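Notes follow once the structure below has been shown.
Note that the numbering runs from 1 along the sequence shown for the chain. Computed from a predicted model, the values in this text were never measured in an experiment.
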Amino acid sequence: MFTDGNGRTAQEVLKEYWGYDGFRPMQEEIINATLEGKDVLAILPTGGGKSICFQVPGLMKEGLTLVVTPIIALMKDQVRNLSGKGIRAIAVHAGMSRHEVDLALNNAAYGDFKFLFLSPERLGTRLFKSYVEVLPINLIVVDEAHCISQWGYDFRPDYLRIGELRESVDAPVMALTATATPEVADDIMDKLGFSEKLIIKTGFERPNLSYIVRRTEDKYGQLLGICRGVAGSGIIYARNRRKCEELSAFLQSQGESSSYYHAGVGAMTRSERQAAWMDGKIRVMVCTNAFGMGIDKPDVRFVAHYDLPDSPEAYFQEAGRAGRDRKRAFAVLLWNGVDVRRMKQIEEASFPGLDYIEDVYQKLHMMFGIPYDAGEGRQLRFKIEEFCKGYHLMKAPAFYAIKYLERTDHLTYSEEIDIKTKVKIAVDRKSLYDIQLSDPKMDELLELLMRHFTGIFSFPEEIDEEYFAGALNMTVAGLRQLLYRTALEHVINYIPADHCDVILLHHDRRRPGDLALMPDKYVMLKENYHRRAQEMLEYVSETDECRSRFLLRYFGQSESYDCGTCDVCRAKVASGRRLEEAPSTYGDMASGADTPESEKILSDEATEAAIIEYVGSRGGKYSLEDIRTEFSNPSKAYSPHWLDLLRYLIDEGTVPVYEK
């Protein structure tokens with residue numbers, strides 16, 4: 001058994017830092033393979049505990065663990081969590097200045113740090129390459145590893161540089177993902193240069209998660225019914241920001257505890273809303289897919305999708321944020337004919353012509369005044385609305401043109417980066433004391449800055465606005481006004497906080513006709529996108545195959561059984577058809593025999609009786625909304641044919657017509 005320099009086993013490290021008595025399924029096998037020096041691809045479902053898999057061996061091995069991850073918010077959260085446990089960790093990501101990156105890499109090389117989190121575009125920079133030889137890397141962790149595969153749904157060329165890094169760094173690789181088809185898994189191991197192929201994965205089954213698909217023209221009413229019918233925290237995903245705000249306002253108007261979250265909301269507000277949702281002060285979060293990554297909230301009882309996701313991979317990952325505590329939870333997907341048309345429109349917009357893409361490339365450089373044969377390594381603060389307005393471009397095709405330039409390794413496009421306030425004292429220390437300032441608060445501000453930052457006379461330093469505002473006994477808004485007024489007196493250089501996209505240029509500006517846009521790759525990516533979109537349409541249109549089995553088959557798992565709780569299985573049971581059930585040893589809730597009585601699906605006859613009883617209990621006075629709230633509730637076991645049954649009972653005169 002492997003022990004670290006202090007004689008601790010992996011189990012003892014887990015207990016010491018996380019307080020857990022044991023590992024989740026497959027975690028220990030992944031950790032042991034890594035400690036033995038093997039390359040390993042770990043495929044674990046959302047909430048499967050991927051972080052533990054690399055953090056435990058990273059602590060046990062001498063030296064530094066390099067973690068490559070594209071998700072900046074997740075990176076920051078992990079650094080904060082590790083630091084809270086007394087573990088030294090540092091991050092390098094988009095939006096940081098060259099000086100900040102240099103300082104962070106220097107600390108990682110010489111400062112006894114255990115974890116360096118790095119966004120993938122930094123792998124190709126000259127600055128990072130200059131540090132590779134002195135960074136004591138003992139383990140390379142590739143998070144969201146499907147991004148390295150051209151067959152994956154989120155291919156990012158920056159990830160290919162990890163294979164190049166392995167040529168100069170003698171360290172094993174741990175690749176982590178929640179979603180990988182067999183084709184993608186093989187490509188990941190090939191691109192990362194595995195010495196020997198090794199996949200460790202749990203099954204993709206989520207026996208406690210009921211997949212429900214509903215075709216409906218009344219999505220608002222369905223979402224309200226879900227919120228009222230399912231107790232506990234929930235997430236509702238929508239494709240665009242405006243819809244998030246509208247849905248949240250609607251739910252609030254109906255008395256539901258709700259808020260919205262998307263990348264356009266300020267960093268402080270996003271943080272406050274996330275914390276309120278985590279603490280249960282907000283019950284339902286309506287959000288874009290910017291919300292959810294790395295959030296460890298085990299008691300989410302439902303995840304609902306207002307719009308169709310682009311692919312089964314994206315849907316599986318987002319739906320999997322429900323029920324991490326292994327108690328009953330629901331993933332509800334709403335759709336109608338409008339969604340099908342919109343998905344086809346998005347597919348067309350996602351792949352503008354190659355001539356258009358080259359035109360956007362040239363205009364992007366023109367916007368920032370970058371001449372031909374210059375620009376490599378430039379980091380540009382970019383706002384696509386201003387870009388499109390300046391060049392009379394439509395936003396959607398311009399956005400996807402830039403994304404294709406990223407996929408062909410011309411640039412890296414990091415969306416919605418929070419750039420903190422930075423300050424540099426613009427005069428030398430001696431002259432500073434001879435300056436008469438117009439406000440005593442300015443003197444307090446300068447004293448506070450000098451106490452906190454030894455290098456503030458040489459470089460802009462990132463400041464924590466909340467801390468400085470508190471120390472100066474003022475609001476954050478007041479602090480920003482003070483910084484601005486002090487800058488007007490030419491005492492400081494003030495770079496206000498910003499929330500924008502960042503583009504990193506990979507090479508000097510190319511001349512027209514000299515841009516490698518890889519037409520073959522364009523065709524391949526377009527075909528892959530179409531294939532995944534079609535799979536998503538087939539998923540929602542399916543009426544005979546269990547939802548869980550459909551997803552398992554997509555991810556290459558051949559052995560599976562009817563879940564017994566999805567809408568397809570419910571319809572089968574209600575109609576008296578048999579399910580293909582698992583043996584009792586297959587899973588705690590995978591077979592009907594192991595399902596609690598309260599969760600067993602009622603037949604059409606039993607649901608008819610329940611409707612009659614419900615209407616009778618209300619004296620025959622009820623609305624369609626009352627019936628929907630009760631009988632479409634995914635947490636109850638009524639037949640999914642409840643609306644047809646109600647119509648039949650009304651036609652037969654068994655129950656009165658509902659009130660309008």
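Side-chain N or O atoms of Lys129 include none that pairs as donor or acceptor with a backbone N or O of Leu123 at under 3.5 Å. The backbone N or O of Tyr261 lies less than 3.5 Å from no partner atom in the side chain of Arg270, so there is not a single donor-acceptor pair. Not one N or O on the side chain of Arg301 forms a donor-acceptor pair closer than 3.5 Å with the backbone of Gly234. Thr125 places a side-chain N or O within donor-acceptor distance of the main-chain N or O of Arg122, the cut-off being under 3.5 Å. Checking side-chain atoms of Ser257 against main-chain N and O of Arg283 turns up a donor-acceptor pair under 3.5 Å. Side-chain atoms of Arg156 do not come within 3.5 Å of backbone N or O of Ser149 as any donor-acceptor pair. The closest donor-acceptor contact from the side chain of Asn32 to the backbone of Glu28 lies under 3.5 Å. In terms of modelled atom types and a separation under 3.5 Å, the side chain of Glu406 and the main chain of Ile503 share no donor-acceptor contact. Here the side chain of Arg206 pairs a donor or acceptor atom with the backbone of Gly320 at under 3.5 angstrom. Asn107 places no side-chain N or O within 3.5 Å of a backbone atom of Ile90 that could act as its donor or acceptor partner.
With rounding to the nearest 0.5 angstrom, the CZ atom of Phe115 is 5.5 Å from the CD atom of Gln55. One finds the CD atom of Glu205 at 10.0 Å from the OH atom of Tyr561 (value rounded to the nearest 0.5 Å). Atom CE of residue Met450 and atom CG of residue Leu445 lie 9.5 Å apart, to the nearest 0.5 angstrom. Considering CD1 of Ile52 and CD1 of Ile30, their distance stands at 11.5 Å, rounded to 0.5 Å. Taken from CD1 in Ile236 to SG in Cys287, the straight-line distance is 8.5 Å, to the nearest 0.5 Å.
Note: Phe468 and His452 have tilted aromatic rings, judged against thresholds of 30 and 60 degrees for the angle between ring planes. In this pair, Tyr211 and Tyr315 present their aromatic rings tilted. The plane angle is within the 30 to 60° band.
Side-chain contact, Ser119 with Glu121: a donor N or O sits under 3.5 Å from an acceptor N or O. For the residue pair Asp501/Tyr413, the side-chain donor-acceptor check at 3.5 Å is satisfied. Of the N and O atoms on the side chains of His146 and Glu313, not one donor lies less than 3.5 Å from an acceptor on the other residue.
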* Start with the C-alpha distance between Glu465 and Val476, add both sets of side-chain angles, then the distance that settles side-chain contact (heavy atoms from CB on, under 4.5 Å), and finish with yes or no. => CA-CA 6 Å; Glu465 289 184 326; Val476 169; 3.7 Å; yes
### Query
Would His99 and Ser458 count as a side-chain contact (heavy atoms from CB on, under 4.5 Å) if you check the C-alpha gap in whole Å, the side-chain angles of each, and the deciding distance to 0.1 Å?
CA-CA 10 Å; His99 169 64; Ser458 304; over 6 Å; no
*Could you go step by step and tell me if Phe23 and Gln11 meet the side-chain contact (heavy atoms from CB on, under 4.5 Å) rule?*
CA-CA 8 Å; Phe23 290 103; Gln11 189 94 24; 3.9 Å; yes
Item checked: Stepwise side-chain hydrogen bond (donor to acceptor under 3.5 Å, both in side chains) check, Arg328 with Ser210 -> CA-CA 8 Å; Arg328 177 58 60 200; Ser210 299; 3.1 Å; yes
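Between Lys201 and Gln557 there is no side-chain heavy-atom pair separated by less than 4.5 Å.
Between Phe316 and Phe555, the distance from one ring center to the other falls under 6.0 angstrom. Taking the six-membered ring wherever Trp is involved, the centroid distance between the rings of Trp277 and Phe291 falls below 6.0 Å.
Salt bridge absent: Asp464 and Lys420 never bring a charged side-chain N and a carboxylate O closer than 4.0 Å. Contact check on Arg126 versus Glu376 returns a salt bridge, with a Lys/Arg side-chain nitrogen under 4.0 Å from an Asp/Glu carboxylate oxygen. The pair Asp310-Arg532 does not count as a salt bridge, with every side-chain nitrogen at least 4.0 angstrom from each carboxylate oxygen.
Few gaps surround CG on Asp279; more than 12 heavy atoms of other groups in view lie less than 6.0 Å from it. Environment of CG in Asn6: crowded, with over 12 heavy atoms of neighbouring residues, nucleotides or ligands closer than 6.0 Å. The number of heavy atoms from other shown groups lying within 6.0 Å of NZ (Lys403) is above 12. Atom NZ of Lys281 sits in a sparse spot, with 12 or fewer heavy atoms from other residues, nucleotides or ligands closer than 6.0 Å.
Under the 6.0 Å distance and 45° angle rule, Arg553 counts as a cation-pi partner of Phe550.
Results of the side-chain contact (heavy atoms from CB on, under 4.5 Å) test with Phe204 over Thr179, Ile43, Leu44 single out Ile43 as the only residue that passes. Between Ser259 and the choices Val265, Thr269, Ile282, Val286, the side-chain contact (heavy atoms from CB on, under 4.5 Å) rule is met once, by Ile282.
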